[in-house]
Q: 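Have a look at this one before I ask anything.
Within every chain, numbering begins at 1; the chains are lettered A, B, ... in the order of the sequence lines, protein sequences first and strands thereafter. All values derive from a computational prediction rather than experimental measurement.
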Amino acid sequence: MIDIKQIREDPERFKDAGRAKGFDVDIDRLLEVDSTLMSARKQLQEISTSKNRIGKSIPKLSGDEKQAALTQLSELKQQEAKHDEQIKKLQPEFDELMLEVAQPADDDVPLGKDDTENVEIRKEGDIRQFRFEPKDHVQLGQALDIIDIERGVKLAGTRNYLLKGDGALLHWALLRFAMDCMVRKGYVPMSVPLLMKDEAMSGTGYYPGAEEQTYRMEKDQLNLAGTAEVPLTACRMGEILKAEELPLKYVALSSCFRREAGAAGKDTYGLYRIHQFDKVEQVVVCENDAEQSRKFHDEILGNAEAVMRALELPYRVVNVCTGDLGRGQAKKFDIEAWMPSRGNYCETHSASKFYEFQARRMNLRYRRQKTEETRQKEKSKINFCHTLNNTVIASPRILIPLLELYQNADGSVTVPQVLRPYMNGKEQITKSSSRST
RNA sequence: GGAGCAGUGGCCGAGCGGCUUAAGGCGACGGUCUUGAAAACCGUUGUGCCGAAAGGCACCGGGGGUUCGAAUCCCUCCUGCUCCGCCA
C-alpha cells in the first residue's frame with residue numbers, strides 16, 4: 001500500500017507508475033473520495049467535540065436547561081448520522097482503491113511490456129555442449145524410473161507428478177542443501193502454516209489480484225499459500241518491532257500450491273509449470289531505509305547465486321522490466337537457469353524488493369532507538385519496515401536443468417558433488433540403482 | 001465436537017454506567033545525587049487521524065446495539081486457557 005499523503009502530493013507519479021506496470025488505477029477518483037472522506041471526518045470530529053462537551057454538562061443541569069441540552073444533542077446526532085452514512089458508503093471504495101495503487105518501480109528498472117523486455121545483467125557458468133543426443137528431463141526421469149507424471153495425473157489431474165526413488169531423494173537433497181546454506185548464513189529456519197487467512201494474502205499483496213491463482217478453502221475462508229513468502233513476511237503482521245531485532249532474516253521450506261489459471265496450454269510439458277512444488281524461500285525485514293533495502297536485495301540475490309554456483313548450474317540474472325513486475329515490487333531480479341530441453345534460460349528464482357509496500361498493508365512497524373534526531377522529532381519514532389524475499393531453491397523445477405545437464409551418454413545422471421552427502425554418498429543415478437541408495 | 005472461564009497500554013493488573021484525563025506496579029527513558037555504578041528521589045513514557053501550534057477526535061479482542069453518556073449493560077463473532085469426548 002502507498003501512503004495516501006504521497007498520492008495527494010504527486011498523483012502523476014502514481015498514474016505513470018501504474019501505467020508502466022500495467023496496474024492502472026483511477027487515481028483521480030481515489031483523491032476525490034479521499035477529500036470527501038476527509039471533510040466528513042473533520043465535521044464528525046467537530047460534532048463529537050460538541051457532543052462530549054454537552055454530555056459532560058448534563059449531570060450538572062436540571063429542568064429547562066437540561067431539556068435544552070438534550071434537544072441540542074439529538075440535533076447533533078442527526079447531523080452525525082448523515083456524515084456517518086457518507087463515510088460508510090465511501091470508505092470501502094477508498095480502501096479498495098488504496099489496495100490497488102501500485103508501488104512505483106525504481107529508476108533503474110527497464111521500461112517494458114512483458115518478460116520479453118527484461119534486461120540481462122550477467123551470465124554465469126558455461127553451457128554444456130553434448131557429444132551425444134541429450135534426453136530431456138521427462139525422458140530421463142522415465143528411463144531412470146524417478147519421475148512418474150502419468151500416475152501424478154491419475155491421482156491429482158493435469159500438472160501433477162510423482163517423484164520416486166532417487167528422484168525423491170534428489171529433490172529432498174536439493175531442498176536440504178539449500179536450507180543448510182541459509183542456516184549457515186544466519187537465517188532463522190522456520191516451519192510455517194500454509195493455510196493462510198485473507199489478511200496474510202492481502203498483507204503480502206497477493207490479494208486483491210491473485211484470487212484466481214490461489215486454491216481457496218471456502219468452507220474455512222483459508223487460502224493455500226503459493227509460497228512461504230506469505231507466512232514468513234506476514235508472521236509479524238500488526239506488530240511494532242524493536243529496532244534491535246532488525247533485520248529479521250527468515251528461511252522456510254514449504255510446499256507451494258498454484259492453480260495456474262490463465263496458463264492453460266502454456267508450458268504443459270514436463271515439470272516446468274505444476275500445481276504443487278516445494279521451495280526454500282528467504283525473507284528479509286529491515287529498517288525503512290532505501291540503502292538498506294538495496295543492500296539486502298543484493299544479499300538475497302547473492303544467497304541464491306551461491307546455491308546455483310555450488311550446484312554448478314549455468315544461469316543468468318535479469319533485471320525484470322516494469323511490465324513484468326508485481327504491483328508491490330519496486331525492483332526484481334530473476335535468476336534464470338539454462339534448460340537444454342527448452343533451449344533457453346528460464347526463471348528459477350525471483351528476488352523482490354518492496355520497500356514498505358507490504359509492511360504498510362500488514363501494519364508491520366518498528367520503533368527506532370532514541371537518537372539525537374528522533375529526540376528532536378518525536379513523531380518519526382515509529383516507521384514501517386521494508387521487506388524483501390527471494391527463492392533459495394524451488395524443486396522440481398530445478399530438476400529440469402539439473403537432470404538434463406548432469407546426464408551421461410549411457411542415460412545415467414551424475415549427482416552434483418555438494419548433494420552427495422545428502423544422498424548417502426551416491427555419485428550416480430542409474431536405472432538399476434534408482435530405487436535404493 | 002460438548003462444558004466452563006477469560007481477553008484492558010511494552011508487560012502485570014485495577015476498574016463493573018457520569019469523580020477515568022484508564023488507578024497502581026514492573027520495565028524503559030531523562031534528571032538529581034555519585035569518582036563511576038547501584039540504591040533512593042523527581043519527572044517522562046500507548047497507537048492512529050485532524051491541526052502551523054494550542055488543542056481536538058477515535059481506540060480497553062472485532063463488529064453491532066441500549067443510553068444524553070459505555071472499558072463497564074445487551075447481542076454477535078474471533079482468539080486464548082481449563083475440563084470432557086474423539087484422534088494422527
Side-chain angles (χ1 to χ4, degrees), chain A residues 1-9 30-31 33-92 94-95 97-99 191 193-203 217-223 231 234-246 248 255 288 356 359-385:
Chain A
M1 196 154 61
I2 305 297
D3 186 355
I4 183 65
K5 286 177 190 160
Q6 281 188 35
I7 303 175
R8 284 176 199 148
E9 267 166 38
L30 174 64
L31 288 173
V33 173
D34 175 51
S35 77
T36 312
L37 279 172
M38 273 221 290
S39 75
R41 265 195 292 269
K42 211 164 193 168
Q43 292 180 67
L44 215 48
Q45 184 182 322
E46 279 165 22
I47 293 169
S48 288
T49 310
S50 312
K51 269 180 61 188
N52 289 346
R53 206 187 50 236
I54 297 168
K56 262 177 203 159
S57 70
I58 290 224
K60 295 173 210 144
L61 303 175
S62 58
D64 287 348
E65 275 184 332
K66 186 168 184 174
Q67 212 44 54
L70 289 177
T71 313
Q72 210 181 342
L73 268 174
S74 75
E75 274 164 24
L76 285 170
K77 277 187 110 177
Q78 273 174 32
Q79 289 178 44
E80 192 177 35
K82 200 180 72 194
H83 292 116
D84 259 336
E85 203 185 326
Q86 194 173 28
I87 287 175
K88 257 184 197 153
K89 209 180 80 194
L90 288 178
Q91 191 65 49
F94 178 79
D95 294 342
L97 285 167
M98 281 301 282
L99 287 178
S191 173
L194 296 172
L195 282 166
M196 295 283 102
K197 291 187 187 179
D198 291 339
E199 291 102 284
M201 298 303 286
S202 64
M217 312 290 137
E218 198 49 57
K219 216 178 192 175
D220 302 286
Q221 305 210 318
L222 292 170
N223 310 279
C235 68
R236 307 297 295 272
M237 162 168 72
E239 297 184 29
I240 299 175
L241 308 174
K242 292 181 187 133
E244 308 91 87
E245 289 183 80
L246 299 176
L248 300 176
S255 291
N288 194 307
E356 57 177 49
R360 211 172 249 286
R361 285 177 162 240
M362 59 176 83
N363 205 21
L364 171 60
R365 296 171 293 175
Y366 70 102
R367 194 186 304 272
R368 268 198 285 174
Q369 281 154 310
K370 279 198 178 160
T371 60
E372 279 310 310
E373 192 199 339
T374 51
R375 210 171 293 161
Q376 283 161 11
K377 226 191 159 189
E378 278 296 311
K379 267 194 170 175
S380 56
K381 237 170 37 179
I382 290 172
N383 281 90
F384 290 104
C385 301

Q: Nearest whole Å is fine: how far is B:rC50 P from A:Leu37 CG?
A: 12 Å
Q: In whole angstrom, give me the gap between the P atoms of B:rA28 and B:rU72.
A: 33 Å
Q: Give each protein N/O atom lying under 3.5 Å from an N/O atom of nucleotides 55-62 of chain B, with the pair distance.
A:
| from | atom 1 | to | atom 2 | distance (Å) |
| --- | --- | --- | --- | --- |
| B:rG56 | O2' | A:Gln45 | NE2 | 3.4 |
| B:rG56 | O2' | A:Thr49 | OG1 | 2.9 |
| B:rG56 | N2 | A:Gln45 | OE1 | 2.9 |
| B:rG56 | N2 | A:Gln45 | NE2 | 3.1 |
| B:rG56 | N3 | A:Gln45 | NE2 | 2.7 |
| B:rC57 | OP1 | A:Asn52 | ND2 | 3.1 |

Q: State, yes or no, whether a side-chain contact exists between A:Asn223 and A:Leu195 at a heavy-atom distance under 4.5 Å.
A: no
Q: Has the side chain of A:Arg361 got a donor or acceptor atom that lies under 3.5 Å from a matching backbone atom of A:Ser202?
A: yes
Q: Could you go step by step and tell me if A:Arg8 and A:Ser35 meet the side-chain contact (heavy atoms from CB on, under 4.5 Å) rule?
A: CA-CA 10 Å; A:Arg8 284 176 199 148; A:Ser35 77; over 6 Å; no
Q: Are the side chains of A:Leu248 and A:Leu241 in contact, using a 4.5 Å heavy-atom criterion?
A: yes
Q: Among the candidates B:rG64, B:rU47, B:rC50, find the nucleotide nearest to the side-chain atoms of A:Lys42.
A: B:rC50
Q: Which residues in residues 72-85 of chain A have at least one heavy atom lying under 4.0 Å from any atom of RNA chain B?
A: A:Leu73, A:Lys77
Q: Looking at A:Glu239, I want to see if its CD is surrounded by more than 12 non-hydrogen atoms of other residues, nucleotides or ligands under 6.0 Å.
A: yes
Q: Send over the distance from A:Ile4 CD1 to B:rC50 P, rounded to a whole Å.
A: 10 Å
Q: On RNA chain B, compare the nucleotides closest to A:Leu70 and A:Lys88; which residue's is nearer the 5' end?
A: A:Lys88
Q: Provide, to the nearest angstrom, the distance between the NZ atom belonging to A:Lys5 and the C1' atom belonging to B:rG48.
A: 10 Å
Q: Suppose you measure atom C1' in B:rG17 against the same atom in B:rU66; what distance do you get, rounded to whole Å?
A: 11 Å
Q: Give the rounded distance in Å between these two atoms: CZ of A:Phe94 and P of B:rC49.
A: 11 Å
Q: Stem ranges for RNA chain B, with three or more consecutive Watson-Crick or G-U pairs under 3.5 Å?
A: B:1-7 with B:78-84, B:10-12 with B:24-26, B:27-32 with B:40-45, B:46-50 with B:55-59, B:61-65 with B:73-77
Q: Roughly how many Å apart are B:rA14 and B:rG9, using the C1' atom of each and rounding to a whole number?
A: 13 Å
Q: Specify the closest pair of heavy atoms between A:Met98 and A:Ile2, including all atoms of both residues, with the distance to one decimal.
A: CE-O, 3.0 Å
Q: Taking for each residue the nucleotide of RNA chain B bearing the nearest heavy atom, is the 5' side occupied by A:Lys197 or by A:Lys51?
A: A:Lys51
Q: Starting at CE of A:Met38 and ending at P of B:rG48, how long is that distance when rounded to a whole Å?
A: 18 Å
Q: Would you kindly say whether A:Gln86 and A:Arg41 are connected by a side-chain donor-acceptor distance under 3.5 Å?
A: no
Q: Which whole-number value in Å describes the distance from A:Glu239 CD to B:rG10 P?
A: 12 Å
Q: Just the rounded figure in Å: distance from P of B:rC77 to CG of A:Asp198.
A: 19 Å
Q: Spell out, as yes or no, whether a donor-acceptor pair under 3.5 Å connects the side chain of A:Gln43 to the backbone of A:Ala40.
A: no
Q: What are the two closest heavy atoms between A:Ala359 and A:Phe384, and how far apart are they?
A: O-CD2, 3.7 Å
Q: Looking only at heavy atoms, which two atoms of A:Met1 and A:Arg360 are closest? And how far apart?
A: O-CD, 3.1 Å
Q: For the pair made of CD in A:Glu245 and P in B:rG10, what is the distance, rounded to whole Å?
A: 14 Å
Q: Is any side-chain heavy atom of A:Asn383 closer than 4.5 Å to a side-chain heavy atom of A:Tyr366?
A: yes
